[in-house]
S.K.: 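Before we start, here is the structure in question, set down as C-alpha cells.
Numbers here are sequence positions counted from 1. Reckoned from all heavy atoms, side chains included, excluding hydrogens, waters and symmetry mates. Order of listing sets the numbers, starting from 1, for every ligand and every atom in it.
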Amino acid sequence: MKSKTTLFALLAGLFLLAAFTLPEINSSVPEEGEFEIPENINAIFEKSCFGCHNSESDYQKAKDKMMIDKLGDLKKSKLVAKLNKIGKEVSEGEMPPEKFVAKYPDRVPTDAERQALVDWAKNAIKTLTKK
Ligand code: HEC
C-alpha cells in the first residue's frame with residue numbers, strides 16, 4: 001500500500017534526522033560567525049534586558065535563567081531553546097516584567113523593537129539549525 005510506504009519513508013527520514021542532526025546540535029557551541037548579536041539588537045537588549053539578564057547584573061534569579069551576553073557560550077541546543085523563549089516572552093509581552101515596565105517606562109521596548117527582537121531570534125534559530 002502506497003500510504004504505508006510513504007509513512008515508513010517519513011519515519012525513517014525522521015529517525016535519520018534525529019540520529020545525525022541532534023547529537024551535533026546538542027554537543028557543540030556555535031562556530032565563529034554562526035551566532036551574533038548585531039549592534040541594533042544589542043542596543044535593545046541593553047536598554048530593556050541587561051539590567052537583569054547580563055553577567056554583571058545583581059539579579060541572581062534572572063541571571064540563572066539567562067545571561068544574554070553569555071548566550072554564545074551555550075551549546076547550540078540550549079541556545080536554540082533560549083532564543084525560542086526570548087521570542088515567546090517578548091512577543092507575548094511577558095518580558096520585561098510588569099514591575100520593571102511600571103518603574104522604567106522609558107526602558108520598555110517599543111512595538112518595533114519587540115518585533116526586531118522576535119525577528120532576530122527567529123533568524124538566529126534558522127542559522128543555527130540549518131545543515
Ligand atoms: C527586572 C528584571 C528583568 C528584566 C528587565 C527582564 N527580565 Fe527576563 N526574566 C527575569 C526573571 C526574574 C526571570 C525568571 C522568571 C521566572 O522564572 O519566573 C526572567 C525570565 C526570562 C526568560 C525565560 C528564560 C527561561 O529559560 O525560562 C526570558 C526568555 C527572558 N526573561 C527574556 C527577557 C528579555 C528578552 C528581556 C528584555 C526585553 C527581559 N527578559 C527583561 C527578569 C527580568
S.K.: Can you find an N or O of Lys82 that's nearer than 3.5 Å to an N or O of ligand 1?
M.R.: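 Lys82 vs ligand 1: N/O contact under 3.5 Å present.
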
S.K.: Starting from atom 37 (C) of ligand 1, find the nearest protein heavy-atom neighbour and note its residue, name and distance.
M.R.: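 Ranking protein heavy atoms by distance from atom 37 (C) of ligand 1, first comes Cys49 SG, 1.8 Å.
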
S.K.: Between the main-chain N or O of Ser91 and the side-chain N or O of Arg114, is there a donor-acceptor pair closer than 3.5 Å?
M.R.: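 Not at all, since once roles are kept as given, no pair shorter than 3.5 Å links the two residues.
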
S.K.: Could you tell me which atoms of ligand 1, counted from 1 in the order shown, lie closer than 4.0 angstrom to a heavy atom of Met66?
M.R.: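 Per the distance check, 28 (C), 29 (C), 30 (C), 32 (C).
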
S.K.: Is the contact between Glu89 and ligand 1 made by the side chain, the backbone, both, or neither, using heavy atoms and a 4.0 Å cut-off?
M.R.: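 Side chain only.
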
S.K.: Does Lys82 use its side chain to pair, donor to acceptor, with the backbone of Lys65 at less than 3.5 Å?
M.R.: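 Checked: pair present.
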
S.K.: Tell me, which protein residue and heavy-atom name are nearest atom 13 (C) of ligand 1, and how many Å apart are they?
M.R.: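 Protein heavy atom with the smallest distance to atom 13 (C) of ligand 1: Met95 CE, 3.9 Å.
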
S.K.: Using heavy atoms and a threshold below 4.0 Å, how should the contact between Pro97 and ligand 1 be classified: side chain, backbone, both, or neither?
M.R.: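 Near ligand 1, Pro97 shows its side chain, while the N, CA, C and O stay back.
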
S.K.: What I want to find out is whether Glu89 reaches Lys85 closely enough, with some N-O distance under 4.0 Å, to be called a salt bridge.
M.R.: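 No.
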
S.K.: With heavy-atom distances below 4.0 Å as the criterion, list the atoms of ligand 1 near Ser48.
M.R.: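 Numbered from 1, ligand 1 contributes 5 (C), 37 (C), 38 (C), 41 (C).
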
S.K.: What's the shortest distance from atom 14 (C) of ligand 1 to any protein heavy atom, and which residue and atom give it?
M.R.: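 Here the closest protein heavy atom is Lys65 CG, 3.6 Å.
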
S.K.: Once you measure the plane-to-plane angle for Trp120 and Phe45, does it fall in the parallel (<30°), tilted (30-60°) or perpendicular (>60°) bin?
M.R.: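 Trp120 and Phe45: perpendicular rings.
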
S.K.: To the nearest 0.1 Å, how far is atom 15 (C) of ligand 1 from its closest protein heavy atom, and which atom is that?
M.R.: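 Here the closest protein heavy atom is Lys61 CE, 4.5 Å.
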
S.K.: So, does His53 use its side chain to make a donor-acceptor pair with the main chain of Met66 at under 3.5 Å?
M.R.: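 Pair found, side chain donor or acceptor close to backbone of Met66.
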
S.K.: Under 3.5 Å, N or O to N or O, is His53 touching ligand 1 that way?
M.R.: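 By distance alone, the answer is yes.
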
S.K.: Might you work through the salt bridge (charged side-chain N to carboxylate O under 4.0 Å, His left out) test for Lys47 and Glu113, ending with a clear yes or no?
M.R.: CA-CA 11 Å; Lys47 172 175 102 164; Glu113 286 170 339; 2.8 Å; yes

S.K.: How about CG on Asp111, more than 12 heavy atoms from neighbouring residues, nucleotides or ligands closer than 6.0 Å, or not?
M.R.: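 Atom CG in Asp111 is not crowded, with 12 or fewer foreign heavy atoms closer than 6.0 Å.
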
S.K.: At a 4.0 Å threshold, what atoms of ligand 1 neighbour a non-hydrogen atom of Val90?
M.R.: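 What qualifies from ligand 1 is 35 (C).
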
S.K.: Of all the non-hydrogen atoms in the protein, which one sits nearest to atom 3 (C) of ligand 1, and at what distance?
M.R.: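 The protein heavy atom lying closest is Cys52 SG, 2.7 Å.
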
S.K.: Are the side chain of Lys63 and the backbone of Ser55 linked by a donor-acceptor contact shorter than 3.5 Å?
M.R.: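 Answer holds: yes.
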
S.K.: Would you say the side chains of Gln60 and Asp64 form a donor-acceptor pair under 3.5 Å?
M.R.: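 Looking only at side-chain atoms, Asp64 and Gln60 do form a donor-acceptor pair, the distance falling under 3.5 Å.
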
S.K.: Tyr59 heavy atoms, cut-off 4.0 Å: which ligand 1 atoms fall inside?
M.R.: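 The list of qualifying atoms is 2 (C), 12 (C).
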
S.K.: Among protein heavy atoms, which sits nearest to atom 25 (C) of ligand 1, and what does the distance come to when rounded to 0.1 Å?
M.R.: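 The answer is Lys85 CD, 3.3 Å.
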
